[in-house]
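Shown next, in structure tokens, is the structure this report addresses.
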There are 2 protein chains.
Amino acid sequence: MARLSSADRREAIIHAALRVIQREGVHGATTRAIVAEADMPLASFHYAFRSRDEMISELIAYVVENEGRAATATLSGGHDIRTAVRAGLQAYFDTLSTDPSREQAMFELLHYALRTDELSELPRAQYRMYRRTAGDVLSAGAQLAGATWRLPLEDVARLLVTFISGLTLAWLADRDDAAAAKTMDFAADSISALAEVASAATSSDTGTTPNNTEQHSKENTQ
Amino acid sequence: MARLSSADRREAIIHAALRVIQREGVHGATTRAIVAEADMPLASFHYAFRSRDEMISELIAYVVENEGRAATATLSGGHDIRTAVRAGLQAYFDTLSTDPSREQAMFELLHYALRTDELSELPRAQYRMYRRTAGDVLSAGAQLAGATWRLPLEDVARLLVTFISGLTLAWLADRDDAAAAKTMDFAADSISALAEVASAATSSDTGTTPNNTEQHSKENTQ
DNA sequence: GTCTATAAGGAGATAGAC
DNA sequence: GTCTATCTCCTTATAGAC
């Protein structure tokens, strides 16, 4: 392992800590477990970080910055918006069911931060990141489908994040794939009903939106 | 405090533990903190429970059995289903924002159970209880509004629980009341669109369903 | 039966040898 | 600079006095 720069060592510790948290939970991520995972002596931890909480704080900031991917890759044109939203949800769900410990760790870190005074601003940032990521995907998806959102993008993004959070939590609790599929079907219906076809003409004779029927969402009261 | 039966002592400890968990989090609920809250000597804890995990297990089972209330009370007739659903969501949200630590504790306990082998079945029971409670409210609400659900009740209940979980988590993270209100508006629209007026006639000239327009939810694929 | 006093171990953090 | 060895505190759990 030899000589590492201070920054490298901090990053190595953060990555090791993330692996430990995914495997054992936040509770099991003791300084000893982390340095064992990173194959370092215990003292290196406090050489790199002043305290365990400082490390956790940097770790959450790190994952909040670097975990905004997943669903983006699967976007492709030629589909109506309902199909695109459903496919995006499925892509997310596939990453979830392939590696549940990742999302489980994100939840645990959120709750840990909520209970720690100095970290109490981080959950807000975490959710802001979720919404931004969702907004990016929704924006790109609408463009590819030739549609526009009837609500502000950030509102649609928040609703999508609400679905995804609820879906993830329920699936982590009961591991019911069929139930998750039903939830995703409903979410795709509800979210895509907030879009309208942007370009021209009748929307139903192109065969691209067979399942979207009219729904006038009530104006938000707030 | 004097002499308590074994069952009374267990219950006193569980209630004290719940208070500590709401105040300090699951992590802070040490045996010492709990017996201090219950005003008992430390040894009483292990006189009543074999281990801390056994107590936590009983505690989760207890809250899963006894936390199925909240929204039911506010049900009243004379409203259309959309209004009823929205009011139910608001009633839930009011209890959430009055005492956030209660729902925060429920989440923490869920994640604790997910990480503890002997407790890994409890999250499933916890969600089953959520869905049953939601189903009861939805069933009663539909009856009062003179409507029926076009999907199986348990499916609608699961979707409502998805909304509530996502809503709760987001609000705990960012405390954005206005955003929560928008989410509830959308949830009320989407859920109530799954109902249809049961009894007779035109549904729009009574003035009871001014905001519900048709939405044919796609048949579930699963 | 009940509680004081203590055992046994794990945690974060650091002094001081190299 | 780096790491071994240790300090101090706090945890769960229990032995044994009353």
Side-chain angles (χ1 to χ4, degrees), chain A residues 1-21 23-60 105 108-109 111-113 115-119, chain B residues 1-21 23-60 105 108-109 111-113 115-119:
Chain A
M1 183 112 304
R3 187 160 305 201
L4 292 176
S5 76
S6 173
D8 285 348
R9 198 168 279 261
R10 287 165 79 91
E11 204 182 324
I13 288 175
I14 284 177
H15 281 106
L18 251 179
R19 288 195 298 276
V20 175
I21 288 172
R23 198 181 335 116
E24 323 251 3
V26 171
H27 178 73
T30 64
T31 54
R32 283 176 164 78
I34 293 164
V35 295
E37 174 78 22
D39 196 26
M40 287 178 185
L42 179 55
S44 290
F45 187 96
H46 287 94
Y47 174 79
F49 295 100
R50 203 168 327 133
S51 71
R52 179 176 175 273
D53 264 13
E54 185 188 82
M55 189 277 298
I56 296 272
S57 175
E58 288 219 7
L59 183 146
I60 298 180
E108 288 182 17
L109 288 168
H111 288 294
Y112 181 86
R115 287 289 185 190
T116 309
D117 283 344
E118 313 90 68
L119 309 185
Chain B
M1 183 113 301
R3 187 159 303 200
L4 292 176
S5 77
S6 174
D8 285 349
R9 198 168 280 262
R10 287 167 79 91
E11 204 182 324
I13 288 175
I14 284 177
H15 281 106
L18 252 178
R19 289 194 299 274
V20 174
I21 288 172
R23 199 182 333 117
E24 324 251 2
V26 171
H27 177 73
T30 64
T31 53
R32 281 177 161 76
I34 293 164
V35 296
E37 174 78 22
D39 196 26
M40 287 178 186
L42 179 55
S44 290
F45 188 96
H46 286 93
Y47 175 78
F49 295 99
R50 205 167 323 133
S51 70
R52 179 175 176 275
D53 263 14
E54 185 189 82
M55 188 276 297
I56 295 273
S57 174
E58 288 220 7
L59 183 146
I60 298 180
E108 289 182 18
L109 288 168
H111 288 295
Y112 180 86
R115 288 289 185 191
T116 308
D117 283 344
E118 312 91 69
L119 310 185

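Naming: A, B, ... by sequence-line order, numbering from 1 per chain.
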Self-check item: Chi angles and distances behind the side chain to side chain contact (heavy atoms under 4.5 Å, CB included) call for B:Phe49, B:Ile14
Solution: CA-CA 10 Å; B:Phe49 295 99; B:Ile14 284 177; 4.0 Å; yes

Quiz prompt | Global bending angle along the helix from C:dG1-D:dC18 to C:dC18-D:dG1, which compares the axes of five pairs at either end, to 10 degrees | solution = 20°

Quiz prompt | nucleotides 13-18 of chain D: protein proximity per nucleotide (B base, S sugar-phosphate only, - neither; heavy atom, under 4.0 Å) | solution = BB----

Practice problem: Would you name the heavy atoms of A:Ala48 and A:Arg10 that are closest together and state the gap between them? | Solution: O-NH1, 2.6 Å

Quiz prompt | Heavy-atom closest contact (B:Arg9 atom, B:Ser44 atom, distance) | solution = NH1-OG, 3.0 Å

Quiz prompt | Partners passing side chain to side chain contact (heavy atoms under 4.5 Å, CB included) against B:Ala33 (at least two apart in sequence or in another chain) | solution = B:Val20, B:Thr30

Self-check item: Interatomic distance, A:Phe49 CZ vs C:dA11 C1' [rounded to whole Å]
Solution: 18 Å

Quiz prompt | Contact summary for B:Arg115 and A:Arg23, nearest pair of heavy atoms | solution = NH1-O, 3.6 Å

Quiz prompt | Enclosure of A:His27 NE2 (heavy-atom neighbours >12, cutoff 6.0 Å) | solution = no

Exercise. Please confirm whether the backbone N or O of B:Ala29 pairs with a side-chain atom of B:Arg52, one donor and one acceptor, at under 3.5 Å?
Key: yes

Practice problem: Round to the nearest Å and state the distance from B:Ile34 atom CD1 to D:dT11 atom P. | Solution: 11 Å

Practice problem: Starting at atom CG of A:Asp8, determine the distance to atom C1' of D:dG1, rounded to an integer number of angstrom. | Solution: 15 Å

Quiz item: Taking atom P of C:dA11 as reference, at what distance in whole Å does atom NE2 of B:His27 sit?
Solution: 11 Å

Quiz prompt | Close side-chain approach of B:Glu118 to B:Ser57, heavy-atom, < 4.5 Å | solution = no

